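In each ligand, atom 1 is the first atom listed, and ligand 1 is the first ligand listed. Not measured: the values here are computed from a predicted model.
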Amino acid sequence: MEACSATPSGAALRGTFAGHRLPAQRQAAAVVARPACRQGRHPLRVSASASGDPGKPKKDSLEDRIASGEFTDSGSTKERLTRPLRRVLAKDPVGPGRMIAMQLAKIGQRWQRRAATRMPTATGDIREIVGQPVFVPLFKLYQIYGKIFKLSFGPKQFVIVSDPEMAKQILLHNASNYSKGLLSEILDFVMGQGLIPADGEVWKVRRRAVVPALHKKYLAAMVNMFGECAEHGARVIEQSAKAGKAVEMENFFSRFGLDIIGKAVFNYDFDSLTHDDPVIQAVYTTLREAEYRSTYPIAYWNIVPLRYIVPRQRRNMEALQVIQETLNELIAKCKQLVEEEDEEFVEEFLSKADPSILHFLIASGDDITSKQLKDDMMTLLIAGHETTAAVLTWTFHCIADRPDVIARLREEVDEVLGDGRPGFEELRSLRYTTRVINESMRMYPQPPVLIRRALADDVLGGYDVPAGSDIFISTWNLHRSPELWDEPDHFNPDRFPVDGPTPNEQTHDFKYLPFGGGRRKCIGDQFALFEAVTALAMLIRRFDFERAPDAPPVAMTTGATIHTTNGLWLVPKARQMQQEQHAAGAGAGVAAAAFTEQRELALAFTEPAKPQQQTTATP
Ligand code: HEM
């Protein structure tokens, strides 16, 4: 998930800007008539409707209200507060009052000058911005307040950064001055001191231990496994194609991603594409809890008794227990295997029987009893699963109505892969396919916001950023900025030329951050790109995908990654020209997939779900 998952999003805005919906009553209270005050720190309120129903409050659009200056704290508050006094004193016919007023005016000018160098500040009442993915209002505010601004809600403040140079300073040049801050607090219950939330010495030591596990021989073994999993996935989709049923692609890719990461990280076959079991359920319960905590306004779960009283917290604790026990078993099994193998640990060590990261770490001498090892396993499981699933989901959304892109994809895939699976060389040749993924990650970055906390004072874009500031680098804003990209809302894989280098933060000088940048950059970037390209290539060559008739509109919801609100429902049909070829090959002997009826995990359907309320249309 957010962040790599772990994410971000509303997380940090707990209590201020969280992406949850308000109960109707509280929402109504938030929109009562407001005095005709255009600026200042008033709670956001909208005036009664001008349309003839004076009793009915009307909500202006966020854009109108930003433009009206409603969020703006401009100038010096002290100057504003002393202004009436100055006016009274200035009317003093005798003289001393006028002199004091003059002095006050001079001081006021000083205050104003100082205020002019303060970071732009958007102030408001959180309640007016809830109900949409948090990065959406941040984009609107960015268009008004610019590259860096403070978002203030009562005592809470966040610095929103949407500028490549400042992102570079935070992530690269002055990276040691920034910790994961709020993110670590939110993810502690599930990742502990795993690589994503960890900071300082723990992070340094673990990064050094884990990164070597993803070496070239390991990646080659994984690429082979991606092909097998994609074939398995294609067989599952074929069932729906034959039955004429739509597939909820987000769910499909989530399961596909889980199966892959289970094998890659600890050699565990979830086989979630074809069945459900308590471990799979436990993983999803935990993931959803992490997202829930990242957007819920009050951290009530920190009150220990509530963890036992509130049903969802009890369920979460049970799920964590199941995962911990499974991890303990896997670690014990792996340890036994390492002892039996008795192989010398060399650079690029890879066990044929078990090429997983866990095996590498145990063989390298990692302490198998340590909580740290489990934290890292959990982190990799989450980091490597939902991110890739989200990238594939949004890629299929982007190309669903683009026959031009699909035609070019197929031309390349047919030529490079034919009917086979990709290896390293083939993946390198699937250049247009890779660009499609690169462009999908520009339009829908996972996670859409990176979270940091300043450890010491810094200066960003000429503004002071004091120690302790919570910072959101909005990748979404960087990737969608009209100042940085031509037609940023248009899906155009050709913006990254096929004969050029694979785009990343370095080729694009930090305006493109699909995997972050600097020392905390994603360690699974190549792994993830290979996985996504393999899945896209192998599915697109076998199936046509059409949007399901009557499916709810595809909308975005805040989570660790960007989720769809009601799923992405596509109807697969066997690609005409290859239908016979595949029927004789991979399609034969497919076991019918058994899926649970559970709404959250249901895979195939004929009647699309009705749209829920909270939808933010995809731009
Ligand atoms: C398309 C899929 C993926 C995307 C979009 C993605 C994105 C990211 C991003 C943006 C970061 C930086 C977060 C920050 O700076 O706050 C990150 C970090 C990380 N990612 Fe990924 N990731 C993906 C897949 C993976 C995979 C497959 C793995 C593991 C096998 C992985 C493991 C990690 C880890 C461990 C970190 C933390 C690194 C550190 O802090 O030292 N990610 N990822």
Asks: Near P447, which atoms of ligand 1 are under 4.0 Å from a heavy atom of that residue?
Replies: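 Heavy-atom distances to P447 below 4.0 Å select 10 (C).
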
Asks: What residues form a side-chain hydrogen bond (donor to acceptor under 3.5 Å, both in side chains) with Q526, not counting sequence neighbours?
Replies: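 None.
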
Asks: Which option out of A264, A528, G516 puts a heavy atom nearest to atom 1 (C) of ligand 1?
Replies: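 Shortest heavy-atom distance from atom 1 (C) of ligand 1: A528.
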
Asks: Which bit of F515 gets closer than 4.0 Å to ligand 1, counting heavy atoms only: side chain, backbone, both or neither?
Replies: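 Near ligand 1, F515 shows its backbone as well as its side chain.
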
Asks: Going by the rule side-chain contact (heavy atoms from CB on, under 4.5 Å), which residues pair with H173 if we only count those two or more places apart in sequence or in a different chain?
Replies: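 Once residues adjacent in sequence are excluded, the partners of H173 under the side-chain contact (heavy atoms from CB on, under 4.5 Å) criterion are K168.
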
Asks: Could you tell me whether L450 approaches ligand 1 through its side chain, its backbone, both or neither, with non-hydrogen atoms closer than 4.0 Å?
Replies: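 The answer is the side chain of L450.
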
Asks: For the pair K521 and E505, find out whether any cationic side-chain nitrogen is under 4.0 Å from an anionic carboxylate oxygen.
Replies: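 Salt bridge between K521 and E505, a charged N being under 4.0 Å from a carboxylate O: yes.
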
Asks: Of all the atoms in ligand 1, which lie at a distance below 4.0 Å from a heavy atom belonging to A383?
Replies: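 Result: 24 (C), 25 (C), 31 (C), 32 (C), 33 (C), 42 (N).
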
Asks: For atom 28 (C) of ligand 1, which of G518, G524, G194 has the closest heavy atom?
Replies: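 The nearest heavy atom belongs to G524.
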
Asks: When the aromatic ring centroids of F149 and Y142 are compared, is their separation below 6.0 Å?
Replies: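 Centroid distance F149-Y142: not below 6.0 Å, so no.
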
Asks: How far apart are the closest heavy atoms of A221 and L350, and which atoms are they?
Replies: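 For A221 and L350, the tightest heavy-atom pair comes out as CB-CD2, 4.2 Å.
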
Asks: Please check if the distance between the ring centroids of F349 and H215 is under 6.0 Å.
Replies: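 When the ring centroids of F349 and H215 are compared, they turn out to be at least 6.0 Å apart.
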
Asks: Looking at the rings of F527 and F226, which for Trp means the six-membered one, are their centres under 6.0 Å apart?
Replies: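 F527 vs F226: aromatic centres under 6.0 Å.
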
Asks: Ring of Y444, cation from R480 - is the NZ or CZ under 6.0 Å from the centre and inside 45° of the axis?
Replies: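 Yes, R480 lies over the aromatic ring of Y444.
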
Asks: Evaluating non-hydrogen atoms only, which member of R452, K521, E505 is closest to atom 15 (O) of ligand 1?
Replies: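 Closest candidate by heavy-atom distance is R452.
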
Asks: In terms of side-chain geometry, is the basic nitrogen of E228 or K263 positioned less than 4.0 Å from the acidic oxygen of its partner?
Replies: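 Answer for the salt bridge query: no.
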
Asks: Within the structure, does W203 bring an N/O atom to less than 3.5 angstrom of an N/O atom in ligand 1?
Replies: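 N/O-N/O distance below 3.5 Å exists for this pair.
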
Asks: Against heavy atoms of F527, which atoms of ligand 1 measure under 4.0 Å?
Replies: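 Counting atoms of ligand 1 from 1, those under 4.0 Å from F527 are 27 (C).
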
Asks: Numbering the atoms of ligand 1 from 1, which are under 4.0 Å from a heavy atom of Q446?
Replies: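 It comes down to these atoms of ligand 1: 4 (C), 5 (C), 7 (C).
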
Asks: Can you find an N or O of T388 that's nearer than 3.5 Å to an N or O of ligand 1?
Replies: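 Among all N and O atoms of T388, none is under 3.5 Å from an N or O of ligand 1.
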
Asks: What part of R207 sits under 4.0 Å from ligand 1 if we count only heavy atoms: the side chain, the backbone, both or neither?
Replies: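 Contact part for R207 vs ligand 1: side chain (C-beta onward).
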
Asks: Using a 4.0 Å cut-off to any heavy atom of L195, which atoms of ligand 1 qualify?
Replies: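 Near L195, the atoms of ligand 1 are 35 (C), 39 (C), 40 (O).
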
Asks: For K180 and ligand 1, answer yes if some heavy atom of the residue is under 4.0 Å from a ligand atom, otherwise no.
Replies: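 For ligand 1, residue contact (heavy atoms, under 4.0 Å) with K180 is present.
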
Asks: Which ligand 1 atoms, with their elements, are less than 4.0 angstrom from a heavy-atom of P514?
Replies: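 Counting from 1, the qualifying ligand atoms are 5 (C), 7 (C), 10 (C).
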
Asks: Would you check if the distance from the ring center of Y218 to the ring center of F360 is below 6.0 Å?
Replies: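 For Y218 and F360, the ring centres are not under 6.0 Å apart.
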
Asks: Show the atoms of ligand 1 that are less than 4.0 angstrom away from any heavy atom in V391.
Replies: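 Atoms satisfying the 4.0 Å criterion: 1 (C).
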
